[in-house]
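Notes follow the structure.
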Amino acid sequence: MEHAFWFARWEKDEIGFHQPDGNPLLPRHWERLGLTSDARVLVPLCGKTPDLAWLARQGHTVVGVELSEKAATDFFDENGVTPEQRRCDGFTVLSGAGVDIWVGDFFAMPDAVLAECNGLYDRTSLIALPPAMRHSFADQLNRAMPSDARGLLISIDYPEEDMDGPPFSVTEEEIARRFEPDWHLITLERNDALAANPFLQDRGLTALHESAYFLRKR
């Protein structure tokens with residue numbers, strides 16, 4: 001059901017959750033991960049975020065995964081790139097300018113591809129998925145990503161009685177429960193984000209916080 005919700009939002013261009021200038025927490029904290037410039041960085045449920053291009057400019061090979069082909073093609077169109085296209089393991093893969101976007105269901109991604117990614121950037125996956133799917137998502141990363149992989153995870157939390165997700169409220173306690181003991185978790189920053197998200201205020205939120213976490217695979 002959640003897949004259908006987000007797919008419909010992209011098809012209708014109802015993407016108030018999209019950040020056209022990227023997320024400011026990414027450039028603020030990325031260097032702290034200590035990844036080499038040639039690291040491969042996984043970006044699940046990536047949409048068309050300009051964060052993909054920012055990561056590629058740091059020298060990384062970026063592996064995005066996105067259910068909506070429209071979101072993937074929009075990313076390349078908006079960056080003036082004509083991507084190469086191939087089929088691999090049931091996915092359509094669009095590639096250009098250091099970014100590969102695998103179009104399809106993240107839960108069908110081959111473990112071998114995830115095992116090649118020693119970096120992780122996630123701003124949308126956990127908050128887009130209901131609890132049971134968040135459990136499966138974390139299990140997939142815990143199982144497939146390599147030892148010493150490092151990631152930046154950005155999440156939001158709010159009073160759950162205010163609004164039915166998605167986007168869902170995902171607290172630090174839940175993130176720790178999902179990822180520890182497979183990952184070492186450090187909270188980097190937590191900010192009041194209500195004023196910056198008027199479309200969520202319109203849905204009834206009275207409080208909203210955005211947090212950034214450092215993850216390191218044990």
Side-chain angles (χ1 to χ4, degrees), residues 1-6 9-10 14-30 32-33 41-51 54-55 64-67 106-107 119-142 145 149-217:
M1 180 180 297
E2 308 309 328
H3 284 174
F5 173 88
W6 289 115
R9 292 288 292 268
W10 280 111
E14 296 174 352
I15 51 173
F17 55 88
H18 175 66
Q19 293 180 299
D21 298 320
N23 190 293
L25 297 179
L26 172 60
R28 187 143 73 231
H29 293 297
W30 187 252
R32 299 182 64 171
L33 273 62
V41 178
L42 175 67
V43 187
L45 281 66
C46 63
K48 63 174 185 177
T49 176
D51 293 338
W54 187 90
L55 289 165
V65 188
E66 172 53 45
L67 186 66
F106 177 78
F107 295 103
L120 170 69
Y121 173 61
D122 180 28
R123 185 187 70 83
T124 56
S125 302
L126 284 179
I127 65 173
L129 300 172
M133 295 179 74
R134 293 200 291 270
H135 176 78
S136 298
F137 173 79
D139 278 354
Q140 191 165 353
L141 298 182
N142 295 345
M145 291 200 72
R150 297 144 194 210
L152 178 65
L153 190 155
I154 298 172
S155 183
I156 61 171
D157 64 270
Y158 57 81
E160 293 191 39
E161 63 273 14
D162 282 0
M163 183 184 81
D164 293 328
F168 294 97
S169 175
V170 182
T171 64
E172 179 179 351
E173 291 76 17
E174 178 178 346
I175 291 170
R177 187 169 71 250
R178 303 281 182 204
F179 289 99
E180 291 179 338
D182 295 272
W183 301 74
H184 180 59
L185 174 68
I186 298 174
T187 302
L188 300 174
E189 186 172 337
R190 186 171 188 266
N191 297 314
D192 187 330
L194 187 62
N197 290 275
F199 81 103
L200 292 178
Q201 291 185 60
D202 291 344
R203 291 180 61 187
L205 284 195
T206 59
L208 175 70
H209 289 88
E210 183 177 48
S211 300
Y213 304 93
F214 170 85
L215 292 171
R216 183 166 184 169
K217 188 82 180 294

> Tell me, which pairs form a salt bridge (Lys or Arg N to Asp or Glu O under 4.0 Å) where one or both residues lie in residues 125-142, sequence neighbours left out?
Replying inline: Arg134-Glu174

> Which pairs with one or both residues in residues 155-172 pass salt bridge (Lys or Arg N to Asp or Glu O under 4.0 Å), sequence neighbours excluded?
Replying inline: Asp157-Arg190

Heavy-atom side-chain contact between [X] and [Y] under 4.5 Å:
X	Y	result
Leu200	Met163	yes
Ile156	Pro167	yes
Leu205	Leu194	yes
Leu152	Leu188	yes
Tyr121	Trp30	yes
Phe179	Leu153	yes
Thr206	Pro159	yes
Phe107	Gln140	yes

>> Quick one about Asn23 and Glu210 (side-chain donor to acceptor, distance below 3.5 Å, no hydrogens or angles considered), yes or no?
In response: yes

Answer yes or no: is there a donor N or O on one side and an acceptor on the other, between the side chain of [X] and the main chain of [Y], under 3.5 Å?
X	Y	value
Asp202	Gly204	no
Ser155	Val170	yes
Asp122	Ser125	yes
Lys217	Asn142	yes
Thr187	Glu189	no

> Can Val65 and Val43 be said to form a side-chain contact (heavy atoms from CB on, under 4.5 Å), step by step?
Replying inline: CA-CA 6 Å; Val65 188; Val43 187; over 6 Å; no

Measure across [X] and [Y] and return the closest heavy-atom pair with its distance rounded to 0.1 Å.
X	Y	result
Gly22	Pro50	N-CG, 3.3 Å
Arg178	Pro131	NH2-O, 3.5 Å
Pro166	Ala128	CB-O, 4.0 Å

>> Checking Ala196 now: which residues fulfil side-chain contact (heavy atoms from CB on, under 4.5 Å) with it, not counting sequence neighbours?
In response: none

> For Arg177, which residues count as a side-chain hydrogen bond (donor to acceptor under 3.5 Å, both in side chains) partner, sequence neighbours excluded?
Replying inline: none

> Mind checking what makes side-chain hydrogen bond (donor to acceptor under 3.5 Å, both in side chains) contact with Arg32, not counting sequence neighbours?
Replying inline: none

> Can you check side-chain contact (heavy atoms from CB on, under 4.5 Å) on Asp51 and Arg123, steps first, answer last?
Replying inline: CA-CA 10 Å; Asp51 293 338; Arg123 185 187 70 83; 4.3 Å; yes

> Sequence neighbours excluded, which residues qualify as ring pair (Phe, Tyr, Trp, His ring centres under 6.0 Å) partners of Phe137?
Replying inline: Phe106

How long is the straight-line distance from [atom2] of [Y] back to [atom1] of [X], given to the nearest 0.5 Å?
X	Y	atom1	atom2	answer
Ser211	Leu25	OG	CG	9.0 Å
Thr124	Ile154	OG1	CD1	10.0 Å
His29	Leu33	NE2	CG	10.5 Å
Leu45	Leu129	CG	CG	6.0 Å
Ser136	Leu141	OG	CG	11.0 Å

> What's the verdict on side-chain contact (heavy atoms from CB on, under 4.5 Å) for Met145 and Leu42, showing C-alpha distance, side-chain angles and the deciding distance?
Replying inline: CA-CA 10 Å; Met145 291 200 72; Leu42 175 67; 4.2 Å; yes

